[in-house]
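I have placed the structure first, in the form of structure tokens, so that the comments after it can refer back to it.
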Amino acid sequence: MIDLRELYQEVILDHNKNPRHAHAMADATCHAEGFNPLCGDRLTLYLRIKSERIEAASFVGNGCAISTASASLMTDALIGKNIAEAEQLFADFHDAMMDKSSCHFDSEKKRLGKLAVLAGVREFPARVKCATLPWHTLKAALCNEQKTVSTE
Ligand code: ZN
């Protein structure tokens, strides 16, 4: 038996220590800023979209381990997806974070892949907004909203 809590922690710590795609993007086609006042997490998300497809995704952030890991895992998952797929991923992720009943790790893993580890954060309600911040920022970037999104 794998200790899920340990697995969550390992992946989150790894992505916090070595975040993927953590850089600004000069040729981004859209970007958005996000702020989670509850924790103080800030992040700017960059996307390069061509013909409805996300060619590149990156972020620059200043936040806690969970928000950094979430942004790292999210950008990794977004690259190569089209807009509809990205929106579906957002919906699946949002559902997983809001599902407080029990942990359906197997079915989540099927839908979310590596992102399923972030669903473990829902056991710590105070940190859920840290994990969802990059995703709300993604929504804003896809709509090309210029203002800073807040999780509040
Ligand atoms: Zn945070």
Side-chain angles (χ1 to χ4, degrees), residues 2-26 28 30-49 54 56-81 83 85-105 107-109 111-152:
I2 312 164
D3 187 331
L4 289 183
R5 222 173 266 247
E6 241 167 64
L7 176 69
Y8 294 152
Q9 260 183 8
E10 223 170 85
V11 175
I12 286 170
L13 289 177
D14 171 47
H15 276 264
N16 179 50
K17 230 163 122 191
N18 305 297
R20 279 53 151 187
H21 320 290
H23 54 83
M25 198 192 296
C30 53
H31 73 278
E33 279 168 37
F35 176 50
N36 171 21
L38 221 61
C39 178
D41 310 312
R42 284 182 186 281
L43 129 143
T44 306
L45 180 72
Y46 301 91
L47 299 173
R48 192 171 70 235
I49 298 173
I54 299 171
S58 71
F59 72 99
V60 175
N62 191 350
C64 67
I66 292 170
S67 68
T68 303
S70 183
S72 172
L73 283 157
M74 183 188 78
T75 45
D76 220 26
L78 286 176
I79 295 166
K81 293 224 168 16
I83 308 273
E85 288 167 337
E87 275 171 352
Q88 186 58 50
L89 202 60
F90 173 91
D92 286 345
F93 180 75
H94 201 262
D95 283 354
M97 291 305 290
M98 295 304 132
D99 179 4
K100 299 193 176 73
S101 52
S102 62
C103 195
H104 319 286
F105 191 74
S107 66
E108 269 167 6
K109 198 140 195 326
R111 281 187 302 148
L112 295 172
K114 270 191 276 180
L115 298 171
V117 297
L118 289 168
V121 173
R122 70 182 161 217
E123 284 176 54
F124 311 94
R127 311 309 297 278
V128 164
K129 285 181 173 169
C130 302
T132 55
L133 173 68
W135 296 81
H136 287 293
T137 312
L138 165 69
K139 265 280 194 204
L142 289 176
C143 302
N144 244 327
E145 284 173 22
Q146 291 308 311
K147 64 177 177 69
T148 300
V149 294
S150 171
T151 52
E152 284 300 289

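Side chains are part of it too, since the values below use all heavy atoms of this structure and drop only hydrogens, waters and symmetry mates. Just so you know, ligand 1 is whichever comes first in the structure, and atom 1 is the first atom listed for that ligand.
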Taken by chain and residue number, the protein N/O/S atoms under 2.8 Å from the Zn ion (ligand 1) read C39 SG, D41 OD1, D41 OD2, C64 SG, C130 SG

Taken in chain and number order and not counting sequence neighbours, the residues that satisfy side-chain contact (heavy atoms from CB on, under 4.5 Å) with I79 are H21, A57

Salt bridge (Lys or Arg N to Asp or Glu O under 4.0 Å) filter on D76, not counting sequence neighbours, yields K114

R20 meets the salt bridge (Lys or Arg N to Asp or Glu O under 4.0 Å) criterion, sequence neighbours left out, with D14

Is there a donor-acceptor contact under 3.5 Å from the side chain of R122 to the main chain of A96?
yes

d(L89 CG, L115 CG) to nearest 0.5 Å is 5.5 Å

In short, L133 meets G34 closest at the heavy-atom pair CD1-C, 3.7 Å

